Amino acid sequence: MHPTMLPALSRRHAFGLVAGLLCASRVSPAMAAATVGKSVRLVPPGGLYELVVSTTTGLLHVAAAGPRGATEASILGLDPQSLEVKSTLSLPEPAFGLAVNDRTGTLYTTNTRSGSVSAIDLKAGRVLTKIAHGEKAHVRQVLVDEEANRVYVSVPGFQGVQSQIWVIDGAKNEMLHVISDGLGEAMSGMTLDRAGNRLFAARLQTNEIIEVDLATRAVKRAFPSGGEGPINAAYDAAGKRLFVTNQKSGTLAVLDAGSGALVKSVETGAGALGVTLHPTNGTVLVANRGAGTVSVLDGAKLEVQASLATGSHPNTIAVDPRSGLAYVTNKARSAGRGQPPVDDPNGDTVSLIRF
């Protein structure tokens, strides 16, 4: 998951809370369905961030930024069963966030260092264009609405600067709108309610969720996130619920999307970060960066089924709807700015979770 500044942290630590030790797997004997099938270390290039599954290529695509200060950035294409690297697309600058439109065969990346978004033709394996607005915007997350062929990009604001949401026309790969009024500062993760033509976004500093009407491009309301440090969110269209990771609390909050009321808060682990809804088995997956685990929750009972040790700092989770397999990127431990890199065998890995 792409970095966002928490109020008490430096931008370098913005991807999550770094405290905590790698936990052993804890699986309920009655519900021992989820297991870590395998993990592969992708060093070089390392510097793993987000990942997506593409039906266009049949591969799992992983953003690999390379070591800090290096020029080895790429998008790796992995076999979804063996996790063997099948393709490498070299990039002129690191990509951090990823989203794919398989109807058009286009992969979108957020390039935080230059404040831009790249559109990549997956079949041709080349960058089509770059889209930007303003001076080096701190682009974070990218979402794709395949049916409408729209792309949404979050730009957290800091130090008095308003956050932004970029709306990009996927047919032309051109900027349509820039939404900023009412977003406030430190907007982090977004999730799309396509049927309702709205976005929900987490606001870190105020511990709130905001609802953005995409027709009017206006913030309609704000309500509590159900914990401290809301960082990412996932929308459940069937249940009309929001699942929000609260990083400081180490919890997953389940909110009624209609009323904004808290349905339940579930402890998942230190530095709860990425959240993904499994499209076929009804589970909710949470990457706990500080704890080094991925929590698997029963989406109906809202209870943790398993806590799986995947790597040093679990970051982003993606699910292949065809196979039901889930994948997680695990970032490596950092020795600190200006220090030699740490050789972390449990970092810069991709893990496969079977159900």
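In this text the structure is predicted, and so the values were computed from the model without any measurement. Numbering starts at 1 and runs along the sequence shown.
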Measuring only between side-chain heavy atoms, which start at C-beta, is [X] closer than 4.5 Å to [Y]?
X	Y	value
L214	L199	yes
L78	L42	yes
F223	L242	yes
I120	L91	yes
N232	L273	yes
F243	L297	no

- Message: Would you compute the distance between atom NE2 of H133 and atom CD of Q164 and round it to the nearest 0.5 angstrom?
- Response: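 Here the interatomic distance stands at 5.0 Å.
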Examine the side chains of [X] and [Y] and answer whether a donor and an acceptor come within less than 3.5 Å of each other.
X	Y	value
S54	D102	yes
T106	N101	no
N346	S312	no
T129	N173	no
S180	Q162	no

- Evaluate the criterion side chain to side chain donor-acceptor pair (under 3.5 Å) for residue pair N330 and T349; output intermediate values, then yes/no. CA-CA 5 Å; N330 304 287; T349 63; 3.0 Å; yes
- Message: Checking salt bridge (charged side-chain N to carboxylate O under 4.0 Å, His left out) between E93 and each of R113, K136, K130, which is the one that passes?
- Response: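 Among R113, K136, K130, the one meeting salt bridge (charged side-chain N to carboxylate O under 4.0 Å, His left out) with E93 is K130.
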- L98 reachable from L143 in the ILVMFWY side-chain graph, under 4.5 Å edges: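 No, L143 and L98 fall in different hydrophobic clusters.
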- Linking I/L/V/M/F/W/Y whenever their side-chain heavy atoms sit closer than 4.5 Å, directly or via other members, would I353 and L83 fall into one cluster?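 Result: no, two separate clusters.
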- Query: For E146 and V100, which heavy atoms make the closest approach, and how far apart are they?
  - Reply: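 That would be OE2-O, 3.8 Å.
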- Look at atom CD of Q81 and say whether more than 12 heavy atoms of other residues, nucleotides or ligands are closer to it than 6.0 Å.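 Buried by this count: over 12 neighbours within 6.0 Å.
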- Message: Using a 6.0 Å cut-off, check whether atom NZ of K264 has over 12 heavy atoms from anything other than its own residue.
- Response: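 Result for NZ/K264: enclosed.
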- Task: Would you sort out whether D169 and R150 count as a salt bridge (Lys or Arg N to Asp or Glu O under 4.0 Å), showing the intermediate values?
- Result: CA-CA 5 Å; D169 180 348; R150 291 287 183 270; 3.8 Å; yes
